[in-house]
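Reviewing the structure listed below.
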Amino acid sequence: MSAPVKTTARKGDAKKKKDLAPRSTTTAPAPVSTPPAPPREPAPARATTVPPRSFITRLLTFVSSMIGGLWAMVLSAIDRISAFVGDWLFNGKKALYGLAVTRILFGVTAIGLLASNFSTRLYTFGSGSAWNGELAEPVSDFPKIWVFSAFHAAMGNDVLYTALYLFLGVLAVLFVLGWRFRIVLPIFFCLWVGFIEANDMVGDQGDNMFRIALFLLFFADPAARWSLDARRRAKSGEWFAPNSQPALLGTMFHNLTLVALTAQVCFVYASGALFKAGGAPWEEGYAVYNPLQTARFGTWPVLSDLVTTWGPMVTIASWGSIILQVAFPLMLLTRPTRLIGLLGILSFHVGIAVLMGLPWFSLTMIAIDSIFIRDRTWGRLSAGTKRRWQEAGAASPPATPEHAMSVRTVV
C-alpha cells in the first residue's frame, strides 16, 4: 500500500522542480522568407505603324516651335535688359568725378568769358550796344521772361550793369568751388542766360550747349566730388539716408542726367558731321582752309599759314573731323575705341580753340565730354596729383658738407 503513495510524491516533486526552473528568453528563429518572385514583364505590344505627317502639318509644327523659341529668347533678353537698366539707374550715382570736372570747367568758362570781356562789357553787352536794337526790342525770347530779364533791364544803367556783371563773376567762382551748389546753381543759371541772350549777335553754339547742360545739372549732383559741399557732407553726412526713397530718386535722376547729356553730345556731333558731309568744301577736302584764312577766325595768321600750307594735311583735317564726329557715338561703346575717340575729340576742340579763336566753345564741349572718362581714371589722377603736391611741399634734407663740397667741385 505504501508503494503508490511514494510514487505520487515523486511526481509532485518533479512537477515543482519543473515550475521552479528558469525559463529561457531565447525565441525560436523566424522562418526564412523566400524572395518575392520578379514581376512578370508585360507582353510586348503589337507594333503599330504611325502614318507620316503631311507637309503642311510638319511645316506648321516647325514654325510654331521657332516662334516659341524666338519669343522665349525675346522675353529672356527683355528680362536681362530690364535688370541691367534697373541696376544701373538705382545702384549708385555714376560719373561723379566727371560731372565735378564739368562743373569746374563750366565755372572756368564763365569766369574766362566775363574777364576777357570786362573792358568792353558796356560796348558789347551794355548801353553801348543799343545801336543794334537789342535794348529796345531783344531778338531772343529769354529777356522777355522775367527770371532772365535782369541784365536786359540793367543795360541802360552802366553802374547797375557793372554791379550785376561782377555779381555774376562771384557766382561763377562759387560755382567752381561748389559752395552751396543747390542755391548758387539756380541764381547763376538765370543770370547767365540773361547775360548771354542780351546781345544775340555775339553768341555762338557753345552758348546753347552751355545753357542746355547747365539746365540738366539741376537733376544731377555735380558737387559730390572736389567741392566745398563734398567736404561739408563728409562731416555732417548726406541729406537722406542711403537706400531711402528720396535717395533712390536722387540717384535715378542723376544717372538719367548722364543719359541726357550723352544723347545731346552725340546728337550734336552726328548732326554736325552729316551737315558738313553735304557741303562741297567738305566733300572736296578744303573746308578747313577757308575759316583759317579769314580775319574773324584766323586769329593766328602765321600759324594758320603753317597749318594750311600742305594740301594733304588740309584734306586729312577736313575729312578726319567728319569721320571723328559721326563715329564718336559708336566709339563710346568699348574702352579702346573710347580712348581713341576722346583723344581725337580733345585734339579737335583744342585745334578749334587755338586756330579759330573759340576757346569758350571748345572748353564747354570738353567739359561735357569729361563725363565719358571713368571715375577710376579721375580717382587715380586725383591721388597722383595729391601725392606729388605733398612730395613737392615736403622739406628736402639739408646738404652735408661733403655733398656741398662735391657739388662745388663739379661746378
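All values below were derived from every heavy atom in this structure, side-chain atoms included, with hydrogens, water molecules and symmetry-related copies excluded. One-based numbering along the sequence shown. Predicted model, so just to flag it, every value in this text is computed and none were measured.
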> Do F348 and S321 come within less than 4.5 Å of each other through their side chains, counting heavy atoms only?
Replying inline: yes
>> Test side-chain contact (heavy atoms from CB on, under 4.5 Å) on L355 and F297; report intermediate values, then the result.
In response: CA-CA 7 Å; L355 297 176; F297 294 108; over 6 Å; no
> Does the D229 side chain pair with the main chain of A223, one donor and one acceptor, at a distance under 3.5 Å?
Replying inline: no
> Any idea which heavy atoms bring T294 and N290 closest together, and the distance?
Replying inline: CG2-O, 3.2 Å
> Below 4.5 Å, heavy atoms only, C-beta onward: do L114 and F195 meet side chain to side chain?
Replying inline: yes
>> Nearest 0.5 angstrom please: L185 CG to L171 CG, how far?
In response: 10.5 Å
>> Are more than 12 heavy atoms, taken from residues, nucleotides or ligands other than F253, located less than 6.0 Å from that residue's CZ atom?
In response: no
> Around atom CG of N243, are there more than 12 heavy atoms of other residues, nucleotides or ligands at under 6.0 Å?
Replying inline: no
> What are the two closest heavy atoms between F167 and I187, and how far apart are they?
Replying inline: CE2-CG2, 4.3 Å
>> Would you compute the distance between atom CG of L256 and atom NZ of K94 and round it to the nearest 0.5 angstrom?
In response: 11.0 Å
> So do the side chains of V354 and L303 get within less than 4.5 Å of each other, counting heavy atoms only?
Replying inline: yes
Using atom types as modelled, flag every donor-acceptor pair under 3.5 Å from a side chain in residues 62-80 to any protein atom, sequence neighbours excluded.
{"residue": "S64", "atom": "OG", "partner": "L60", "partner atom": "O", "Å": "3.1"}
{"residue": "S64", "atom": "OG", "partner": "T61", "partner atom": "O", "Å": "2.8"}
{"residue": "S65", "atom": "OG", "partner": "T61", "partner atom": "O", "Å": "3.3"}
{"residue": "S65", "atom": "OG", "partner": "F62", "partner atom": "O", "Å": "2.7"}
{"residue": "S76", "atom": "OG", "partner": "R80", "partner atom": "NH1", "Å": "2.7"}

> For the atom pair OG (S370) and CH2 (W378), what is the distance rounded to the nearest 0.5 Å?
Replying inline: 5.5 Å
>> Quick check on the 6.0 Å ring-centre criterion: do F210 and W192 meet it?
In response: yes
> Within a strict 4.5 Å, meaning less than it, do heavy atoms of the V176 and F106 side chains meet?
Replying inline: no
> Can any side-chain N or O of T257 pair as donor or acceptor with the backbone N or O of L217 at less than 3.5 Å?
Replying inline: no
> So with a 6.0 Å cut-off around CZ of R182, is the heavy-atom count from everything else above 12?
Replying inline: yes
>> When you measure from the side chain of E134 to the backbone of V139, do you find a donor-acceptor pair of N or O atoms at a distance under 3.5 Å?
In response: yes
> Is the shortest distance from a Lys or Arg side-chain nitrogen in R121 or D158 to a carboxylate oxygen in the other one below 4.0 Å?
Replying inline: no
> Is the centre of the F181 ring less than 6.0 Å from the centre of the F175 ring?
Replying inline: yes
>> Side chains of T334 and T337: any donor to acceptor distance under 3.5 Å?
In response: yes
> Does T315 reach the side chain of Y286, with side-chain heavy atoms less than 4.5 Å apart?
Replying inline: no
>> Do T251 and L89 have side chains that approach each other closer than 4.5 Å (heavy atoms only, starting at C-beta)?
In response: no
> Charged N to carboxylate O below 4.0 Å: is that the case for E137 and K144?
Replying inline: yes
>> Please report the interatomic distance SG(C266) to CD(Q325), rounded to the nearest 0.5 Å.
In response: 11.5 Å
>> For a quick test of reading the model, state the closest non-hydrogen atom pair linking A95 to L258 and the distance between them.
In response: CB-CD1, 3.8 Å
>> Do F125 and M155 make a side-chain contact, defined as non-hydrogen atoms from C-beta onward lying under 4.5 Å apart?
In response: no
> So does W282 have more than 12 non-hydrogen atoms from other groups sitting under 6.0 Å from CH2?
Replying inline: yes
>> Applying ring pair (Phe, Tyr, Trp, His ring centres under 6.0 Å) as the test, list every pair that has at least one member in residues 215-247; sequence neighbours left out.
In response: Y97-W226, F189-F218, F215-F219
> Can you tell me if R338 uses its side chain to pair, donor with acceptor, with the backbone of L333 under 3.5 Å?
Replying inline: no
> OG1/T109 to CG/L363 distance, rounded to the nearest 0.5 angstrom?
Replying inline: 3.5 Å
> R225 and D375: side-chain contact (heavy atoms from CB on, under 4.5 Å), yes or no, with the steps?
Replying inline: CA-CA 11 Å; R225 297 289 185 272; D375 279 352; over 6 Å; no
> Which is it for V85 and F90 under the side-chain contact (heavy atoms from CB on, under 4.5 Å) test, yes or no, and what are the steps along the way?
Replying inline: CA-CA 9 Å; V85 171; F90 295 101; over 6 Å; no
>> Please give me the minimum heavy-atom distance between S140 and E197, naming the atom from each residue.
In response: OG-OE1, 3.1 Å
> Atom CD1 in I368, atom CD in Q264: separation rounded to 0.5 Å?
Replying inline: 7.5 Å
> Do we see a donor-acceptor contact under 3.5 Å between the side chains of T308 and Q293?
Replying inline: yes
>> Applying side chain to side chain donor-acceptor pair (under 3.5 Å), can you list everything that pairs with E238, at least two apart in sequence or on another chain?
In response: none
> What do the steps show when you test K93 against D221 for salt bridge (charged side-chain N to carboxylate O under 4.0 Å, His left out), and what is the final call?
Replying inline: CA-CA 8 Å; K93 296 178 179 179; D221 192 9; 3.2 Å; yes
>> Run M209 and F361 through side-chain contact (heavy atoms from CB on, under 4.5 Å) and show every step you take.
In response: CA-CA 9 Å; M209 284 298 299; F361 164 77; 5.6 Å; no
> Counting only N and O atoms by type, is there a donor-acceptor contact under 3.5 Å from the side chain of T377 to the main-chain atoms of I373?
Replying inline: no
> With side chains defined as the heavy atoms from C-beta onward, is the minimum distance between T162 and L122 less than 4.5 Å?
Replying inline: yes
>> Tell me if a side-chain donor or acceptor on D369 pairs with a main-chain N or O of I345 at a distance below 3.5 Å.
In response: no
> If you take all heavy atoms of S116 and W360, which pair is closest and at what distance?
Replying inline: OG-NE1, 3.8 Å
> Do you see a donor-acceptor pair shorter than 3.5 Å between the side chains of Y123 and N117?
Replying inline: no
> Which atoms form the tightest heavy-atom contact between L164 and A154, and what is the distance?
Replying inline: CD2-CB, 4.4 Å
